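Below is one structure, written out as structure tokens; the observations come after it.
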Amino acid sequence: MTFGEYVEELRLANYDSLRAFCVENSFDPGNHSKLERGIFPAPKDQKLLEKLAKSLRIKEGSDSWLKFFDLAIASHKNYQIKHVTNEELLEKLPVLFRAVDRDDLTSEELDKLIEKIKKA
């Protein structure tokens, strides 16, 4: 699933139309339509992303919140990883990056994760 598809899915679950959503939340309907269709990637500005997430009624810290931000990162496809071209794999990289970007990650846990990845 792409960022735009997820945004559209959430919008449709909460609003009658794209225009009603945009009017209520002060978004440009044309730009938002392009976002949902994947023509535009997710905004890079954290505050704008949070406003969009809250407008879509995503509870902060929930699994949906994490998925929203993971897909937003993946929409830019800018990991500078030259040899990975599999789109499905690229969409999953934010989850991996979040897993290793923990303050409490121990060297032992990281080593175990690396071994699992190597065996996959």
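Positions are given from 1 along the sequence. In this text the structure is predicted, and so the values were computed from the model without any measurement.
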For [Y], is there any backbone N or O sitting under 3.5 Å from a side-chain donor or acceptor partner on [X]?
X	Y	result
Ser33	Gly30	no
Ser75	Ala42	yes
Glu109	Thr106	yes

For this session: Decide yes or no on side chain to side chain contact (heavy atoms under 4.5 Å, CB included) for Glu8 and Phe3, but give the supporting numbers first.
Result: CA-CA 9 Å; Glu8 181 181 29; Phe3 178 76; over 6 Å; no

For this session: Begin from the C-alpha positions of Lys51 and Ser26 and carry the test side chain to side chain contact (heavy atoms under 4.5 Å, CB included) through to its verdict.
Result: CA-CA 10 Å; Lys51 178 185 177 189; Ser26 302; 4.1 Å; yes

[X] and [Y]: same hydrophobic cluster, using ILVMFWY side-chain contacts below 4.5 Å?
X	Y	answer
Trp65	Ile73	no
Phe40	Leu10	no
Leu35	Met1	yes
Leu18	Leu52	no
Leu48	Ile58	yes

Problem set entry | side chain to side chain contact (heavy atoms under 4.5 Å, CB included) between Phe69 and Glu50, worked out | CA-CA 9 Å; Phe69 284 93; Glu50 288 177 8; 3.8 Å; yes

Exercise. Would Glu115 and Lys119 pass as an ion pair if we require N to O under 4.0 Å?
Worked result: no

Give, for atom [atom1] of [X] and atom [atom2] of [Y], the distance between the pair rounded to the nearest 0.5 Å.
X	Y	atom1	atom2	result
Glu60	Leu66	CD	CG	10.5 Å
Tyr6	Lys67	OH	NZ	5.0 Å
Lys112	Ser107	NZ	OG	12.0 Å
Arg11	Ser55	CZ	OG	12.5 Å

For this session: Please name the residue in the list Asp16, Leu56, Asn14 that meets the side chain to side chain contact (heavy atoms under 4.5 Å, CB included) test with Phe21.
Result: Leu56

Seminar exercise, completed: Smallest heavy-atom separation, Phe68 atom then Leu49 atom, equals CE2-O, 3.4 Å

Verify the neighbour count for atom [atom1] of [X]: are there more than 12 heavy atoms of other residues, nucleotides or ligands below 6.0 Å?
X	atom1	result
Gln46	CD	yes
Arg57	CZ	yes
Asp111	CG	yes
Asp28	CG	yes

For this session: Just say parallel, tilted or perpendicular for the rings of His32 and Phe27, cut-offs at 30° and 60°.
Result: parallel

